[in-house]
Amino acid sequence: MKFFLDSADLNEIRQMADLGICDGVTTNPSLVAKSGMDFKSLLNEIVRLIPGPISAEVVGTTASEMLTEAEVLSKIHPNIVIKLPLTPEGLKACKALSARHIKTNVTLCFQAGQALLAAKCGATYISPFIGRLDDISQDGMALIREIRTIYNNYGYKTEILAASIRHPQHVIQSALSGADVVTCPMKVLTALYQHPLTDKGLVSFMEDWKKANQKPIA
Ligand code: G3P
């Protein structure tokens with residue numbers, strides 16, 4: 001399973017690059033706005049830090065505007081993935097970019113029919129928003145399972161990128177449900193490797209080691 005960081009914060013991206021488990025980054029207009037940076041300068045920095053797919057979202061509303069923006073964004077680096085909204089115009093742009101072998105991430109997916117359409121348009125990734133469905137008392141994880149079944153039934157190569165991840169259980173459930181990628185905010189990725197028994201166990205190992213007066217290992 002691939003792990004992407006859902007962030008436009010360069011400090012967070014640097015930390016994840018150091019940790020070595022970050023396969024890519026997803027951004028969206030809200031995250032970019034929060035960063036306070038110029039979008040293109042930000043993307044130029046991110047591609048230097050993470051040698052994997054970096055999703056950059058268009059803000060145009062017509063296919064023609066989206067394609068013009070996609071052209072500019074794609075020139076920044078070959079790892080840039082064009083993120084498009086799941087609208088008829090977004091799907092039109094997706095089809096055109098797929099025909100030119102430009103990678104796409106179709107975002108704001110809330111039902112399986114939308115994911116089917118994105119796959120038909122050749123999307124590289126589909127982004128179902130798990131947390132936002134849970135927020136309105138719908139079952140976000142059921143959506144991942146439905147998309148997995150549909151894509152398997154027809155052999156669609158579009159990768160399922162579980163997004164809007166709120167907590168570690170979303171990551172585990174996405175993995176169990178067959179998502180190809182999970183994109184997490186920093187706090188979820190950090191929480192994934194934390195367990196009180198790990199900390200407690202380590203303290204007691206160190207104490208026992210000291211008591212035994214062992215020579216240093218190195
Ligand atoms: O990047 C898209 C997605 O992950 C947004 O998450 O937490 O704003 O619902 P959230």
Side-chain angles (χ1 to χ4, degrees), residues 1-13 15-17 21-37 39 42-43 45-47 49-50 52-61 66 69-70 73 76 79-87 90-91 93-94 103-112 114-115 118 123-144 147-148 158-175 177-192:
M1 186 186 216
K2 284 174 263 185
F3 278 98
F4 289 0
L5 180 65
D6 197 24
S7 175
D9 179 322
L10 284 179
N11 285 330
E12 290 184 353
I13 296 168
Q15 278 180 58
M16 289 315 297
I21 56 159
C22 185
D23 301 301
V25 174
T26 50
T27 66
N28 63 38
S30 307
L31 293 171
V32 174
K34 207 166 126 195
S35 79
M37 283 186 72
F39 189 25
L42 174 70
L43 292 172
E45 290 290 328
I46 300 177
V47 293
L49 293 167
I50 304 287
I54 312 297
S55 288
E57 189 159 342
V58 296
V59 290
T61 51
M66 291 177 200
E69 291 175 4
L73 295 171
I76 293 176
N79 284 346
I80 295 287
V81 174
I82 306 301
K83 204 169 176 188
L84 301 156
L86 217 158
T87 60
L91 290 176
C94 176
K103 291 196 170 138
T104 53
N105 175 358
V106 178
T107 188
L108 291 166
C109 171
F110 294 96
Q111 51 119 330
Q114 293 178 314
T124 314
Y125 302 99
I126 181 71
S127 289
F129 276 31
I130 307 311
R132 291 193 196 185
L133 279 172
D134 289 358
D135 288 347
I136 58 159
S137 300
Q138 292 193 18
D139 186 354
M141 212 45 67
L143 176 58
I144 301 278
I147 302 173
R148 181 72 285 155
T158 302
E159 292 192 45
I160 303 172
L161 194 167
S164 187
I165 296 292
R166 302 272 195 262
H167 45 70
Q169 269 308 313
H170 272 157
V171 179
I172 308 306
Q173 292 302 322
S174 296
S177 306
D180 300 285
V181 191
V182 73
T183 189
C184 307
M186 185 72 177
K187 71 169 182 2
V188 176
L189 278 173
T190 310
L192 265 184

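Predicted model, so just to flag it, every value in this text is computed and none were measured. All ligand and atom numbering here is 1-based and tracks the order in the structure.
Remark: Arg148 engages Asp180 in a salt bridge, criterion side-chain N to carboxylate O under 4.0 Å.
The minimum heavy-atom distance linking Arg166 with Ser164 is given by the pair NH1-OG, 3.2 Å. Among all heavy-atom pairs drawn from Leu189 and Phe4, the shortest one is CD1-O, 4.3 Å. Minimum heavy-atom separation, Asn105 to Ser127: OD1-OG, 2.7 Å.
The side-chain hydrogen bond (donor to acceptor under 3.5 Å, both in side chains) test applied to Gln111 returns no partner, not counting sequence neighbours.
Counting only heavy atoms from C-beta outward, the side chains of Met66 and Pro85 approach each other to under 4.5 Å.
Contact shell of ligand 1 (protein heavy atoms, cutoff 4.0 Å): Asp6, Asn28, Lys83, Phe129, Arg132, Ala163, Ser164, Arg166.
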